[in-house]
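What follows is a single structure, written as structure tokens, with notes after it.
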Amino acid sequence: MRRLLGEILVESGLAAERLKKALDLQKKRGGRIGTLLVRLNFVTEAEVLTALGSQIGLPFQPELGEIDRELALNVPITYAKKAVVIPLRRENGTVVAATAEPLLLSTIDDLRVLLGAEVSLVLAPSETILDNLNRLHSEDLNKAEDTAQEMEEEDLSFLAAELEEPTDLLEATDDAPIIRLVNSLLSQAIRERASDIHIEPFEKEVVARFRIDGILYNILTIQKRFQASIASRVKIMSGLNIAEKRLPQDGGMRIKIGGKDVDVRVSIVPTAFGERIVLRLLYRESALLALDKIGFSGDTLDRFNDLIERPHGIILVTGPTGSGKTTTLYASLSKINSPDKNIITIEDPIEYQLKGIGQIQVNAKISLTFAAGLRSVLRQDPDVILVGEIRDSETAEIAIQAALTGHLVFSTLHTNDAAGAVTRLQDMKIEPFLISSSVLGILAQRLVRVLCPECREPYQMPALEMTELEIPATGEHPTVYRAKGCPACFQTGYLGRSAIYELLDINDEVRQLIMKNADASTIKSYVVKKGMRTLRQDGADKVLKGITSVDEVVRVTQKESQ
């Protein structure tokens with residue numbers, strides 16, 4: 001077979017010299033020659049399949065076209081992925097199937113038995129076949145509510161047994177309803193872009209909710225008698241103690257859905273009606289975004305880029321939990337990351353792995369706190385340090401000393417606006433002269449939902465809304481958009497989120513105010529008069545650009561804009 005494929009490729013005009021190198025390597029390593037050729041970049045998969053198809057009389061199709069879903073689902077996904085094959089349609093009593101491995105001669109016989117019909121093959125790229133397999137089987141996985149319905153008449157007392165987790169939830173073949181329910185919840189949450197799954201016990205029922213774009217939605221009501229089995233299943237998957245029901249537990253797992261890796265952070269706490277479970281989903285492919293992709297624009301982006309290129313000082317990012325501070329910090333580190341910089345982070349928890357950056361996980365059980373980790377990091381000769389959060393005076397003091405001794409430090413604080421960070425540091429007993437000499441800038445942020453481009457509807461902004469968003473009255477009413485709802489956005493009217501920002505530069509005038517122990521409102525009033533754009537004003541700009549709605553900006557900024 002090796003010689004046959006080599007002859008075919010040479011006859012088809014592919015470079016003989018690179019083919020010879022690949023064949024020599026294949027003799028040493030084994031494996032399928034076509035796969036090896038592609039992996040070693042000697043040829044593309046399309047070249048191999050086109051050449052092969054021309055010699056053995058099979059057409060090459062880069063696109064699969066419309067697929068008979070019911071027919072394709074008759075082939076188990078595990079077998080289909082292994083053979084890289086997918087049935088497409090029936091033509092005159094024959095099943096047409098696409099494959100990327102035509103030299104696996106047993107495939108036709110296997111499909112003939114599985115489908116009860118004669119089979120003809122076409123060639124297609126493996127990536128195209130696998131993507132379609134994942135999509136079809138993901139759609140076929142029962143919704144959580146369907147699985148819960150099936151469970152109501154079954155005896156589930158035996159289901160808290162430990163089972164080996166499948167490599168891909170789409171390939172799971174377990175019949176146990178609890179396992180299918182948990183897998184369905186995870187799959188449905190990922191399909192609907194949820195960031196969290198909440199499983200909440202009440203007196204007579206258990207409610208499952210998804211947080212999508214920052215808003216919680218009720219998804220499913222489950223009978224109370226299934227509560228313990230669901231908790232046990234989640235504990236097994238995340239490596240927690242299934243016998244412990246009195247104390248909070250934290251764990252994690254990595255799952256695969258449709259070939260995509262998702263990290264899941266698990267928190268379980270005991271409540272009056274049983275254990276409350278929250279699963280936070282961290283999508284690895286969306287971990288790193290550029291600064292201009294997360295909401296920065298115009299002058300704010302230029303000023304922030306200037307700050308993160310400074311050699312030393314502290315840059316603080318403020319906002320409530322879930323406002324995207326970590327994403328902004330990761331984007332900043334990615335922007336300045338280079339082989340000539342030593343970058344170390346101290347985080348709780350480490351949400352995403354950053355290539356080329358040393359990351360330390362805080363562990364209070366062994367006294368590895370932010371302060372203790374920061375002291376050790378300073379002995380590692382870092383250029384840039386990220387401290388996940390400044391929570392106490394000790395951490396704040398060490399971070400400031402690091403900034404004053406030639407390090408660039410990034411960190412976060414929980415305050416309502418940028419100016420409030422100065423007051424927060426003063427509350428931690430940090431001297432005003434240390435704050436004024438070490439802090440370079442303070443960035444406050446919130447997340448607003450982005451309007452679905454498929455269904456957003458335009459309208460003329462009334463005067464009341466213009467006043468509320470501090471838009472100057474010019475006699476004209478701009479055209480803006482509001483949410484409507486369609487299948488693409490699951491009837492929410494929104495699809496994804498973007499950040500709104502206010503950036504406070506610590507210049508000489510602001511330093512003088514800090515030295516005089518000025519409060520946050522005094523500092524904010526001064527910088528706004530000097531041209532700083534507030535969170536609400538930045539939100540108003542995104543409303544005028546059609547990115548978000550008036551309701552969203554008011555929702556996330558109303559408590560701070562008076």
Side-chain angles (χ1 to χ4, degrees), residues 1 4-5 30-36 38 45-46 48-50 52-53 55-143 146-147 150 163-177 179-181 183-184 186-188 191 255-260:
M1 192 64 72
L4 173 63
L5 184 55
R32 296 177 189 165
I33 179 61
T35 304
L36 186 70
V38 173
E45 185 181 38
V48 171
L49 292 174
T50 302
L52 198 52
Q55 295 295 318
I56 60 180
L58 295 179
F60 174 66
Q61 289 186 203
E63 301 293 335
L64 299 184
E66 189 173 345
I67 299 173
D68 185 332
R69 185 168 175 273
E70 186 177 345
L71 178 67
L73 293 176
N74 283 330
V75 178
I77 188 172
T78 308
Y79 172 81
K81 283 186 172 183
K82 185 176 180 181
V84 201
V85 67
I86 183 171
L88 301 178
R89 58 189 175 274
R90 293 184 187 272
E91 287 183 358
N92 303 321
T94 300
V95 172
V96 179
T99 182
E101 293 288 353
L103 299 183
L104 290 177
L105 302 180
S106 61
T107 299
I108 293 179
D109 293 332
D110 293 339
L111 290 178
R112 189 182 294 127
V113 172
L114 285 168
L115 302 174
E118 291 299 317
V119 176
S120 63
L121 296 178
V122 297
L123 304 183
S126 58
E127 186 176 352
T128 302
I129 292 173
L130 294 175
D131 283 348
N132 279 277
L133 284 171
N134 287 329
R135 177 179 58 80
L136 290 169
H137 283 268
S138 174
E139 292 172 356
D140 185 57
L141 190 62
N142 279 353
K143 283 190 173 181
D146 299 333
T147 307
E150 293 174 27
L163 295 170
E164 184 179 348
E165 188 62 22
T167 54
D168 192 317
L169 294 188
L170 297 185
E171 299 175 28
T173 56
D174 280 296
D175 292 326
I179 295 174
R180 287 192 287 116
L181 173 63
N183 286 355
S184 295
L186 288 164
S187 177
Q188 190 174 335
R191 205 159 52 236
I255 61 173
K256 186 176 283 188
I257 296 277
K260 295 180 180 179

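This chain uses plain numbering: 1 for the first residue, then up along the sequence.
- Counting only heavy atoms from C-beta outward, the side chains of Pro102 and Leu123 approach each other to under 4.5 Å.
- Between Leu121 and Leu58, the closest heavy-atom pair is O-CD2, 3.4 Å.
- Here the side chains of Val75 and Ile86 are not in contact, with every heavy-atom distance at 4.5 Å or above.
- Remark: Glu118 engages Arg112 in a salt bridge (Lys or Arg N to Asp or Glu O under 4.0 Å) (not counting sequence neighbours).
- Residues Arg191 and Ser187 bring a donor and an acceptor atom of their side chains to less than 3.5 Å of each other.
- Residue Ala100 comes nearest to Ile129 through the heavy atom pair N-CD1, 3.7 Å, listed as atom of the first residue, atom of the second, then distance.
- Contact detail for Val122 and Val96: the closest heavy-atom pair is CG1-CG1, 4.1 Å.
- For the pair Leu88 and Asp68, the minimum side-chain heavy-atom distance is 4.5 Å or more.
- Looking only at side-chain heavy atoms (C-beta outward), Leu111 and Val95 stay at 4.5 Å or farther from each other.
- Note: Asn74 CG to Leu114 CG = 8.5 Å, rounded to the nearest 0.5 Å.
- The two residues Leu64 and Ile67 make their nearest non-hydrogen contact at CD1-CD1, 4.1 Å.
- Summarising the geometry of Leu133 relative to Val85, their closest heavy-atom pair is CD1-O, 3.9 Å, with the distance given to 0.1 Å.
- Judged purely by atom type and a 3.5 angstrom limit, Gln61 uses its side chain to pair as donor or acceptor with the backbone of Glu63.
- In this structure, the separation between CG on Asn92 and OG on Ser120 is 10.0 Å, given to the nearest 0.5 Å.
- Take Glu91 and apply the salt bridge (Lys or Arg N to Asp or Glu O under 4.0 Å) test, not counting sequence neighbours, and it matches Arg89.
- Looking at every heavy atom in both residues, Tyr79 comes nearest to Thr107 through OH-CA, 3.6 Å.
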